[in-house]
Amino acid sequence: MTGKNYVVARIPGDGIGPEVIGETSRILEAAGRKHGFSLTWADYPFGADHYLKTGEILPASAVEEMGSMDALLLGAVGDPRVKPGILERGILLTIRFHFDQYVNLRPAKSYPRVPLPVAPKGGKDLDTLVVRENTEDFYIGIGSRTEKGSADFSLDTKRGLYSLEGTLRGSFSGGVEGAFQLGVASEPAVRRVVAYGCRAAKARGEDKITLASKSNALPQIYGFWEDIAQDEAARHGMGLGIVNVDAMCYHLVRTPDLYGVVVAPNMFGDIVSDLLAGLAGGLGVAAGADIGDGLSMFEPIHGSAPDIAGTGKANPIAAILTGALLLEHIGERTAAKAVEDSLTAFLAESAPGDLPVEFGGQGTTRAVGEAILKRIQ
Ligand code: NAD
Ligand code: IPM
Ligand code: MN
């Protein structure tokens, strides 16, 4: 092998994570062989089994190591045996925050013969890009439950762009128990993700972006978002549509191809991207990437799907398309296109029975992966 070698960190994770990452890895390796590069995997065992066995979630030394690698490929984390949040915050969100991966890119694209629940109005294809802010909002990790009706909690947070300091104290009368979770937005974080959305829209030949907002109910945080987004879009010579996220969901289920690039604060982006994934055919085809200026992470939108783990029903296409995004990111554009082309050819040409179970066929995770791998040119 004379071509370039890339070191890619790999966290298969839980449930269907290892199943879909297994297929993706073999396909990326095959694409490398055809297109003159190689991949060295740096494997990490983090996830539920490792945590239950050792008590370790994600050691700082591993995060440090990953920082010098070319990319990170992750399947999914989360397991019914572990309290929600421990692995999700402890692994996934820790990585997003540590590397300041400020854009969560989530294309909602339809592929040949992938059944869509609602027909797009403008034709048979769906091609929307969700650009989700990935470092702030209600995800910033500041909050507390009360004890005896009171909470006294720190705001101290270190992010790539700034550090935040302070404390908050709140008490409910009569010892009423409750909880606080703060949403945070800052000008530089809103600007950079809106700028990213504007550049992405321009590259698609579009002259506007749409912001998922909700300033009618939450005027401080989302009114601020709207003002900054308006200004940033204008700087890029782009139009900005502002749509309340509830109405956006309503419009989407009736007209799934209504928007081009949707920019969204973290939590709305999480929700809208699952909705768009469903409209584009299912979570099994929905790729994703967490992009920052340092290490970027590539992970499908879907979770560990414990309901189908171990059955062979997991559709590996989302992870394989995520792998194509990884190849594009490291600069292997031809190979990335080869992966997407072979996947498209598989969907277009294969017998109905060979399609993934998600689309009504009997194609197992392994069989679908194998069929796509064979077509890599
Ligand atoms: P999920 O995305 O795992 O599953 C939702 C539904 O979609 C399930 O019915 C599942 O079977 C189906 N599905 C998902 N991926 C599929 C695929 N590739 N092929 C076919 N069907 C697929 O969401 P959930 O059920 O809310 O979460 C399960 C666990 O995953 C939880 O622990 C959650 O916290 C975690 N989670 C992790 C991530 C991540 O690691 N990025 C993302 C979302 C959820
Ligand atoms: C996702 C997931 C995560 C999120 C969870 C598991 C923390 O739903 O990647 O979309 O909310 O970002
Ligand atoms: Mn999600």
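Atoms within each ligand, like the ligands themselves, are counted from 1 in listed order.
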request  = Mind telling me whether Phe46 and Tyr44 have parallel, tilted or perpendicular rings, with 30° and 60° as the class edges?
outcome  = parallel

ask   = Got an N/O contact under 3.5 Å between Gly303 and ligand 1?
value = yes

ask   = Taking the minimum heavy-atom distance to atom 22 (C) of ligand 1, which of Ile308, Ile317, Asn315 ranks first?
value = Ile308

query = Of all the non-hydrogen atoms in the protein, which one sits nearest to atom 11 (O) of ligand 2, and at what distance?
reply = Tyr139 OH, 2.6 Å

inquiry  = Return the closest protein heavy atom for atom 8 (O) of ligand 2 as residue, atom name and distance.
reply    = Asp270 OD1, 3.3 Å

remark   = Looking only at protein heavy atoms, what sits closest to atom 1 (C) of ligand 2 is Arg106 NH2, 3.3 Å

request  = Determine the interplanar angle of the Tyr196 and Tyr102 rings, folded into 0 to 90°, and report it as parallel if under 30°, tilted if 30 to 60°, perpendicular if over 60°.
outcome  = perpendicular

ask   = Where does Arg132 meet ligand 2, judged by heavy-atom distances below 4.0 Å: at the side chain, the backbone, both, or neither?
value = side chain

request  = Using a strict 4.0 Å cut-off to heavy atoms of Ile16, name the atoms of ligand 1 that fall inside it.
outcome  = 15 (N), 16 (C), 17 (C), 18 (N)

ask   = Nearest protein heavy atom to atom 5 (C) of ligand 2, by residue and atom, and its distance?
value = Leu92 CD2, 4.2 Å

task = Show which atoms of ligand 1 fall inside a sub-4.0 Å distance from at least one heavy-atom site of Gly284.
result = 17 (C), 18 (N), 19 (N)

task = Could you give me the CA-CA distance, side-chain angles and deciding distance for Asp43 and Arg10, then say whether salt bridge (charged side-chain N to carboxylate O under 4.0 Å, His left out) is met?
result = CA-CA 5 Å; Asp43 277 313; Arg10 185 165 60 173; 2.6 Å; yes

ask   = Is there a protein heavy atom less than 4.0 Å away from atom 27 (O) of ligand 1?
value = no

query = Any idea which atoms of ligand 1 are less than 4.0 Å away from a heavy-atom of Glu299?
reply = 41 (N)

query = Quick one: does Asp307 get an N or O within less than 3.5 Å of an N or O on ligand 1?
reply = yes

inquiry  = Using the rule given for salt bridge (charged side-chain N to carboxylate O under 4.0 Å, His left out), can you reason through Asp257 versus Lys121, listing the C-alpha separation, both sets of side-chain angles and the distance that settles it, and then say yes or no?
reply    = CA-CA 7 Å; Asp257 53 342; Lys121 293 272 168 14; over 6 Å; no

inquiry  = If the cut-off is 4.0 Å to any non-hydrogen atom of Asp79, which atoms of ligand 1 fall inside it?
reply    = 32 (O)

ask   = Considering only the protein, which heavy-atom contact is closest to atom 9 (O) of ligand 2, and what is its distance?
value = Arg96 NH2, 2.7 Å

request  = With heavy atoms of Ala314 as the reference, note each atom of ligand 1 found under 4.0 Å away.
outcome  = 19 (N)

query = Is a donor on one side and an acceptor on the other found under 3.5 Å between the side chain of Asn104 and the backbone of Asn134?
reply = no

request  = Look at ligand 1 and say whether Val20 reaches it with a heavy atom at a distance under 4.0 Å.
outcome  = no

ask   = What is the closest protein heavy atom to atom 7 (C) of ligand 2, and at what distance does it sit?
value = Glu88 CB, 3.9 Å

task = State the CZ-CD distance between Arg145 and Gln181, to the nearest 0.5 angstrom.
result = 10.5 Å

ask   = Should Pro306 be listed as contacting ligand 1, given a heavy-atom distance under 4.0 Å as the test?
value = yes

query = In terms of the angle between their ring planes, are Tyr222 and Phe268 parallel, tilted or perpendicular, with boundaries placed at 30° and 60°?
reply = tilted

task = May I ask you to list the atoms of ligand 1 that are less than 4.0 angstrom from any heavy atom of Ala305?
result = 3 (O), 10 (C), 11 (O), 14 (C)

ask   = Is the closest heavy atom of Asp14 to ligand 1 under 4.0 Å?
value = no

inquiry  = Side chains of Arg159 and Phe97, heavy atoms from C-beta outward: is any pair under 4.5 Å?
reply    = yes

ask   = Short N/O distance, under 3.5 Å, between Glu299 and ligand 2?
value = no

remark   = the Mn ion (ligand 3) -> Asp270, closest N, O or S atom is OD1

key: ligand 1 contacted by Ser304 (non-hydrogen, < 4.0 Å)   = yes

Test of proximity, Val77 against ligand 1: N or O pairs below 3.5 Å = yes

ask   = Considering only heavy atoms from C-beta outward, does the side chain of Arg26 approach that of Arg366 to under 4.5 Å?
value = yes

request  = Under 4.0 Å from a heavy atom of Glu88: give me the atoms of ligand 1 that qualify, with their elements.
outcome  = 31 (C), 32 (O), 33 (C), 34 (O)

query = Heavy atom of Ile301 under 4.0 Å from ligand 1?
reply = yes

remark   = Closest to atom 39 (C) of ligand 1 by heavy-atom distance, out of Leu92, Ile86, Thr311, Val357, is Leu92

note = The atoms of ligand 1 lying under 4.0 Å from a heavy atom of Ala76, numbered in the order shown, are 40 (O)

